[in-house]
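To find a chain, count down the sequence lines: A is the first, B the second, and so on, and within it residues start at 1.
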Amino acid sequence: MKKKNNSERSDFFDKVYEVVARIPYGRVTTYGAIAEFCGVKSAARTVGWALNGAKETGLPCHRVVNRFGALTGKQHFGAPELMRDLLKSEGVEFDSDNNVIMKEYLWHPDED
DNA sequence: ACATTGACCTACA
DNA sequence: TTGTAGGCCAATG
């Protein structure tokens, strides 16, 4: 808490993993929401990077979508249809644009 | 060591 | 209203 050279820096990633792991079943959240919960709302990009390693850590990164509900990171799952299938398997519905219905399934970290 | 990119979002002109 | 620019943290070339 005194030095923010190496400890707090990794804390951001750590928080991201924590929030993603807290996403309820059949719910989705946005990068901005996670970044905001981490304290830096403008660091949505960094959240994406965190998820890059998150898939290797075993976190449900498929429940994280952009603010439009579009599965922007589906390409990173190795199988673009996998992400959509996983969400559908959890009961999440999509609209005509292949986007998650945020209005119904959007979840916020502070909501839990 | 510097510059660029990357699963994004908000603000200003 | 649409378009452009900036910002955030980390990894890679």
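Rounded to whole angstrom, the span from the CZ atom of A:F37 across to the P atom of C:dC8 amounts to 21 Å. In this entry the distance linking CG of A:N99 with C1' of B:dC8 reads 15 Å, nearest Å. Put simply, OH on A:Y31 is 17 Å from C1' on B:dT10, counting in whole angstrom units. Remark: C1' of B:dC8 and CG of A:L106 are 15 Å apart, rounded to the nearest angstrom. Separating the CG atom of A:L82 from the C1' atom of B:dA7 is a distance of 14 Å, rounded to the nearest angstrom. Rounded to a whole Å, the CD atom of A:E36 is 13 Å from the C1' atom of B:dC8. Rounded to whole Å, atom P of C:dG7 lies 17 Å from atom CZ of A:F12. For the pair A:L51 CG and C:dA11 P, the interatomic distance rounds to 14 Å; values are reported in whole Å.
Of the candidates B:dA7, B:dC8, C:dC8, B:dC8 carries the atom nearest the A:N66 side chain, counting heavy atoms from C-beta on. Candidate nucleotides B:dT10, C:dC8, B:dC8 were compared by shortest atom distance to the side chain of A:K41, and B:dT10 ranks first. In this structure, the nucleotide among C:dC8, B:dC8, B:dA7 sitting nearest to the side chain of A:S42 is C:dC8. Nearest nucleotide to the side chain of A:V40, out of B:dC8, B:dA7, C:dC9: C:dC9. Closest to the side chain of A:R45, out of B:dA7, C:dC8, B:dC9, is C:dC8. Distances from the side chain of A:R67 to the nucleotides B:dA7, C:dA10, B:dT10 place B:dT10 closest.
Side-chain atoms of A:D95 come within 3.5 Å of backbone N or O of A:D97 as a donor-acceptor pair. Using a distance-only test at 3.5 Å, with no hydrogens or angles considered, a donor-acceptor pair links the side chain of A:T29 to the main chain of A:W107. A distance-only check finds no donor-acceptor pair linking the side chain of A:D11 to the backbone of A:D14 [under 3.5 Å].
Across the C1' atoms, C:dG7 and B:dT4 are found 16 Å apart, a figure rounded to whole Å. Here, B:dA3 and C:dG6 have their P atoms 16 Å apart, quoted to the whole Å. The P atoms of C:dA5 and B:dT5 are separated by 15 Å, rounded to the nearest whole Å.
Residue A:E111 qualifies as enclosed at atom CD: its count of foreign heavy atoms under 6.0 Å is above 12.
The two residues A:M83 and A:L71 make their nearest non-hydrogen contact at SD-CB, 3.7 Å.
Considering only side-chain N and O atoms, A:T30 lies nowhere under 4.0 angstrom from the phosphate OP1 or OP2 of B:dC8.
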